[in-house]
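Chain letters run A, B, ... following the sequence lines, proteins first, then strands; residues in each count from 1.
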Protein chains: 2
Amino acid sequence: MAVDRDHVLRSAAALLTRKSTATMDEVARAAGISRATLHRHFAGRDALVRALEALGIEESEAALDAARLDDGPAREALRRFVTEIESAAGLLAFLYTENQLFEGEAQNEGWSRIDARIAALFRRGQTSGEFRIDLTPAWLTEALYGLMASGAWAVAEGRLAPKDFTYMIVELLLGGALRREEP
Amino acid sequence: MAVDRDHVLRSAAALLTRKSTATMDEVARAAGISRATLHRHFAGRDALVRALEALGIEESEAALDAARLDDGPAREALRRFVTEIESAAGLLAFLYTENQLFEGEAQNEGWSRIDARIAALFRRGQTSGEFRIDLTPAWLTEALYGLMASGAWAVAEGRLAPKDFTYMIVELLLGGALRREEP
DNA sequence: CCCAAGTGAGACGTGAACGTCTCACAAGAA
DNA sequence: TTCTTGTGAGACGTTCACGTCTCACTTGGG
């Protein structure tokens, strides 16, 4: 009888990834509940987005934990992270663009924590000599977000096979498009 | 007296890059005209977005022409293209996300032409042995869009210096994050 | 069995943005 | 100067999604 809050959030995430302007009614139907019930659990669209944001942050931090960013080569840590985050990539792509229009308002501090952890990984790679130092950790972090969003949309629209998601992102981010003699 | 259509479009592009949900009134004020006059030139929000789309396509094709994609090493052609497109990157970032919600409707064929030309550049680079072949031209094209959007937003929000825009995008896309002994 | 809690369906009022319209005014052309 | 054209300001009605509310129904617990 009781609505599964987590199921509602994941349905909403899946829908909003495809159509970021979906109405509350569409969100409710996608979750298989009525608009009234949706409002009983989330005061309004804003509250829903905030809940999705919290979910996105939670999943990101879980992926960061599972990827053990401090262990082994930075490149392998990055690969583990992208593998872990894949299932949440669509949600993150939605939140990434949604954040663009929160102009003025301070962004959730959770994102700052996540940014810092990812940037620290790139910095560690630079310090160890694994990564080049002319691309700043902040930019590499930003680029990772952009590639994840592109990858998530490409998968959603059938332009990229889901199984290639991690490989394409990690290989491009780490190795770039240029062919190299020595791997 | 007569309104400068091009000026209106560029104002709208600049505003919508920052705030994609801006109202027609905000767009009008940003261009320094009244809402009534804006409606005299663009029947509605949809028509405005279509006009912006046409502008984005026009600027993209102009950049493609100016970059002479068929000349010299593919990597240099790519660098020329990103340099040429930089001034329109914000507009393209807006259109890139806006396209996500045109589900169902066929996208403007102009984008198909542009996609094809960029993908052809990557394919040329692969054929010549310059680029690796395990990353598909379609994905490299998608990734380029994603990085341009990330770059444009990062610049708009002050996280990236405008002068570094081209370098960061091209270097990451071509060379990746890994440090290499031989350049 | 009965009751309480949660849900679905739908009505209702609200507010925002839209698109249209009118009218007065300013600028350039005749 | 006079006339024409385009603009600004604002009023107006419409649409759409929102948030709230009611009421009947279902489901699970006591």
Side-chain angles (χ1 to χ4, degrees), chain A residues 1-56 90-91 93-95 97-105 108, chain B residues 1-56 91 94-95 97-105 108:
Chain A
M1 195 174 187
V3 157
D4 180 354
R5 177 188 163 97
D6 194 67
H7 170 252
V8 173
L9 282 177
R10 293 187 187 282
S11 304
L15 173 60
L16 291 170
T17 296
R18 296 194 308 274
K19 187 181 177 185
S20 60
T21 58
T23 67
M24 291 296 275
D25 192 75
E26 291 174 305
V27 171
R29 292 186 186 285
I33 62 175
S34 73
R35 196 165 67 94
T37 302
L38 179 59
H39 268 90
R40 286 189 188 99
H41 290 266
F42 303 98
R45 187 188 183 76
D46 206 61
L48 176 63
V49 173
R50 296 298 180 183
L52 285 170
E53 189 176 32
L55 178 62
L91 172 59
F94 162 69
L95 294 171
T97 58
E98 196 77 0
N99 266 335
Q100 303 297 332
L101 41 97
F102 282 168
E103 62 172 17
E105 308 174 37
N108 191 309
Chain B
M1 195 177 186
V3 157
D4 180 353
R5 177 187 163 99
D6 194 69
H7 170 251
V8 173
L9 281 177
R10 293 187 186 282
S11 304
L15 174 60
L16 290 171
T17 296
R18 297 195 307 275
K19 186 182 179 186
S20 59
T21 57
T23 67
M24 292 295 276
D25 194 75
E26 291 174 305
V27 171
R29 290 185 187 287
I33 62 176
S34 73
R35 196 165 67 92
T37 303
L38 179 60
H39 267 89
R40 286 189 188 100
H41 290 267
F42 303 98
R45 187 190 185 75
D46 206 60
L48 176 64
V49 173
R50 296 297 178 182
L52 285 170
E53 190 176 32
L55 178 63
L91 171 59
F94 162 69
L95 294 172
T97 57
E98 196 77 2
N99 267 335
Q100 303 297 332
L101 42 97
F102 283 169
E103 61 172 21
E105 308 174 40
N108 191 310

Donor-acceptor contact present, side-chain Ser20(A) to main-chain Leu16(A), <3.5 Å | no
Could you state the NE2-P distance from His39(A) to dA17(D), rounded to the nearest angstrom?
-> 13 Å
Inter-residue atom distance Leu48(B).CG - His41(B).NE2, 0.5 Å rounding | 12.0 Å
Are the side chain of Ser11(A) and the backbone N or O of Ala31(A) linked by a donor-acceptor pair below 3.5 Å?
-> no
Ion pair Arg29(B)/Glu26(B), N-O distance below 4.0 Å = no
Classify the side chain of Arg40(A) and the base of dG19(D) as holding, or not holding, a donor-acceptor pair under 3.5 Å.
-> no
Taking dG19(D), dT7(D), dC21(C) as options, the one with an atom nearest any side-chain atom of Ala36(B) is dC21(C)
Using atom CG of Asp25(A) as one end and atom P of dG8(C) as the other, report the distance to the nearest whole Å.
-> 12 Å
Take atom CZ of Arg29(B) and atom P of dT7(D), then tell me their distance rounded to the nearest Å.
-> 17 Å
Side-chain donor or acceptor of Arg35(A) under 3.5 Å from a matching atom on the base of dG19(D)?
-> yes
Does His41(B) place a side-chain N or O at less than 4.0 Å from the phosphate oxygens OP1/OP2 of dT7(D)?
-> yes
Whole-Å distance, Phe42(B) CZ to dT7(D) P, equals 12 Å
When the distance from CD1 of Ile33(A) to P of dT7(C) is rounded to whole Å, what number comes out?
-> 8 Å
Write down the distance between CG (Leu48(B)) and P (dC18(C)), rounded to a whole number of angstrom.
-> 10 Å
Could you tell me the separation between the CG atom of Leu38(B) and the C1' atom of dG10(D), rounded to a whole number of Å?
-> 16 Å
Taking atom CD of Glu98(B) and atom CG of Leu52(B), what is their separation to the nearest 0.5 Å?
-> 9.0 Å
N/O (side chain, Arg45(A)) to phosphate O (OP1/OP2, dC18(D)) under 4.0 Å | yes
State whether Thr37(B) places a side-chain N or O below 4.0 Å from either non-bridging phosphate oxygen (OP1 or OP2) of dT7(D).
-> no
Between atom CD in Glu26(B) and atom C1' in dA17(C), what is the gap in whole Å?
-> 11 Å
